[in-house]
Amino acid sequence: MNTKKLFDLSGRVAIITGGSIGLGRQMAEGLAEMGANLVLCARKKEPCAQAADELKQLGVKTLALSCDVKDPDQIREVVEQTASQFGRIDVLINNAGTAWGAPVEEMRLEQWDKVIDTNLTGTFLFSQAVGRFMVRQRRGKIINIASVAGMRGAPPEFQAIGYHSSKGGVIAFTKDLACKWGIHNIQVNAIAPGWFPTRMSEVMIERNRDAFLKRIPLGRLGSDHDLKGAAVFLASDASDFVTGHVLVVDGGQTA
């Protein structure tokens with residue numbers, strides 16, 4: 001197959017959770033630039049609607065929906081509306097996430113639960129709901145947004161054990177689901193970003209920028225386009241023989 005065709009997403013339909021801002025918005029733009037129609041969902045619908053209107057200018061169809069990834073009923077509604085409007089679901093990017101900073105000995109259970117429920121359980125619930133559709137469809141791509149934080153521990157000055165644990169869980173979930181759903185021609189992979197300036201990371205980066213840059217061989221933070229290629233690759237036919245993989249995008253931080 002022609003290489004350009006392998007990466008072409010024209011006519012495909014992608015659901016992106018947390019797709020209105022930050023890394024989700026960047027990946028949504030990348031997929032749209034390759035022709036994919038988009039369903040953007042987050043707890044607040046208004047930012048999704050604004051992003052959808054802007055991305056529609058790329059010549060694709062878009063749909064903005066509200067959804068709390070901790071709520072199975074809201075997830076089911078997103079899947080049903082997507083299937084009703086587009087008739088297919090080709091790609092799911094589980095990007096919605098949160099973090100909570102607190103020393104381990106002081107972290108309250110509700111703080112831990114919020115991070116685990118959003119980052120890990122939400123990934124499971126959305127994958128399950130979309131996967132039921134993809135199994136019938138006999139094809140699909142699921143991309144889970146993990147983190148380099150899920151691959152190793154961090155020094156005591158970085159107190160976010162719930163986040164690290166949840167992203168480690170996402171990596172294990174990705175590998176096991178890839179083994180389970182390969183028979184259905186569903187590829188399940190993860191992207192593990194390093195330090196990218198986002199609303200969730202901006203305070204940590206502001207406090208530790210110099211220290212972070214010293215640990216990144218490429219000497220810079222992630223840009224507003226560094227995740228596009230990874231997302232397009234894992235969403236496209238170019239990755240049809242890739243599953244259970246964690247694609248690290250971190251400037252060499254974990255090398």
Side-chain angles (χ1 to χ4, degrees), residues 15-19 22-24 27 41-43 67-72 74-76 78-79 91-132 134 140-156 158-182 184 186-196 198 200-201 204 222 227 230-231 234 242-250 253-254:
I15 298 175
I16 304 174
T17 69
L23 303 186
M27 292 183 288
C41 60
R43 286 186 301 111
C67 181
D68 183 340
V69 299
K70 302 188 299 297
D71 187 326
Q74 292 186 34
I75 292 171
R76 185 164 49 251
V78 169
V79 174
V91 181
L92 167 66
I93 299 183
N94 283 307
N95 170 73
T98 190
W100 195 286
V104 179
E105 62 272 23
E106 298 175 10
M107 179 172 280
R108 299 192 303 274
L109 178 59
E110 58 266 28
Q111 297 168 343
W112 167 274
D113 285 345
K114 178 181 179 181
V115 176
I116 298 297
D117 289 348
T118 301
N119 297 359
L120 182 55
T121 305
T123 294
F124 158 70
L125 290 172
F126 232 116
S127 297
Q128 182 184 60
V130 170
R132 289 173 178 143
M134 290 180 171
K141 306 276 188 174
I142 296 177
I143 304 169
N144 299 320
I145 304 307
S147 168
V148 295
M151 303 174 70
R152 56 172 59 177
F158 303 128
Q159 293 282 357
I161 195 168
Y163 183 79
H164 284 255
S165 301
S166 69
K167 293 303 185 179
V170 167
I171 290 172
F173 173 82
T174 297
K175 292 178 177 291
D176 195 56
L177 189 60
C179 294
K180 301 298 189 288
W181 282 356
H184 302 300
I186 299 171
Q187 290 80 47
V188 186
N189 294 287
I191 298 175
W195 287 108
F196 280 73
T198 66
M200 191 164 65
S201 67
M204 187 69 74
L227 280 187
L234 293 177
V242 178
T243 196
H245 180 66
V246 181
L247 178 52
V248 178
V249 186
D250 69 348
Q253 178 185 339
T254 55

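FYI, the numbering just counts along the sequence from 1. Worth knowing before you read on, the calculation uses all heavy atoms, side chains too, and leaves out hydrogens, waters and symmetry mates.
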Minimal non-hydrogen separation, [X] against [Y], with atom names:
X: Val148; Y: Ala192; value: CG1-O, 3.8 Å
X: Ala102; Y: Gln111; value: CB-OE1, 4.2 Å
X: Gly162; Y: Ile116; value: O-CD1, 3.8 Å
X: Ser127; Y: Ile142; value: OG-CG2, 3.9 Å
X: Gly18; Y: Ala96; value: N-CB, 4.1 Å
X: Pro193; Y: Leu227; value: CG-CD1, 4.3 Å

Has the side chain of [X] got a donor or acceptor atom that lies under 3.5 Å from a matching backbone atom of [Y]?
X: Asn144; Y: Val170; value: no
X: Asp71; Y: Ile75; value: no
X: Lys167; Y: Ile145; value: yes
X: His164; Y: Ala149; value: yes
X: Thr98; Y: Val115; value: no
X: Gln253; Y: Gly194; value: no
X: Asn95; Y: Thr17; value: yes

Would you call the rings of Phe173 and Phe124 parallel, tilted or perpendicular if under 30° counts as parallel and over 60° as perpendicular?
perpendicular
Measuring only between side-chain heavy atoms, which start at C-beta, is [X] closer than 4.5 Å to [Y]?
X: Gln74; Y: Val78; result: no
X: Arg152; Y: Thr254; result: yes
X: Gln187; Y: Val242; result: no
X: Trp181; Y: Thr243; result: no

So Trp195 and Ser147, side chain to side chain contact (heavy atoms under 4.5 Å, CB included) or not? Walk me through it.
CA-CA 9 Å; Trp195 287 108; Ser147 168; over 6 Å; no
Candidate pair Ile161 and Gln159, rule side chain to side chain contact (heavy atoms under 4.5 Å, CB included), full reasoning:
CA-CA 6 Å; Ile161 195 168; Gln159 293 282 357; 5.9 Å; no
With side chain to side chain contact (heavy atoms under 4.5 Å, CB included) as the test, pick out the partner of Glu110 among Met107, Arg108, Lys114.
Arg108
Can you name the one residue among Thr121, Asp117, Leu125 that meets side chain to side chain contact (heavy atoms under 4.5 Å, CB included) with Lys70?
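Per the side chain to side chain contact (heavy atoms under 4.5 Å, CB included) rule, the option paired with Lys70 is Asp117, out of Thr121, Asp117, Leu125.
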Check: Asn94/Thr123 side-chain N/O donor and acceptor closer than 3.5 Å
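Side chains of Asn94 and Thr123: no pair found under 3.5 Å.
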Rounded at 0.5 Å granularity, tell me how far OG in Ser166 sits from CH2 in Trp100.
14.5 Å
Hey, could you give me the CZ/CZ distance between Arg132 and Arg76, rounded to the nearest 0.5 Å?
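Answer rounded to 0.5 Å: 8.0 Å.
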With side chain to side chain contact (heavy atoms under 4.5 Å, CB included) as the criterion, how do Ile143 and Ile191 come out once you've worked through the C-alpha distance, each side chain's angles and the decisive distance to 0.1 Å?
CA-CA 7 Å; Ile143 304 169; Ile191 298 175; 3.9 Å; yes
Decide side chain to side chain contact (heavy atoms under 4.5 Å, CB included) for Lys175 and Val246; before the verdict, give the C-alpha distance in whole Å, the side-chain angles of both, and the deciding distance to 0.1 Å.
CA-CA 8 Å; Lys175 292 178 177 291; Val246 181; 4.3 Å; yes
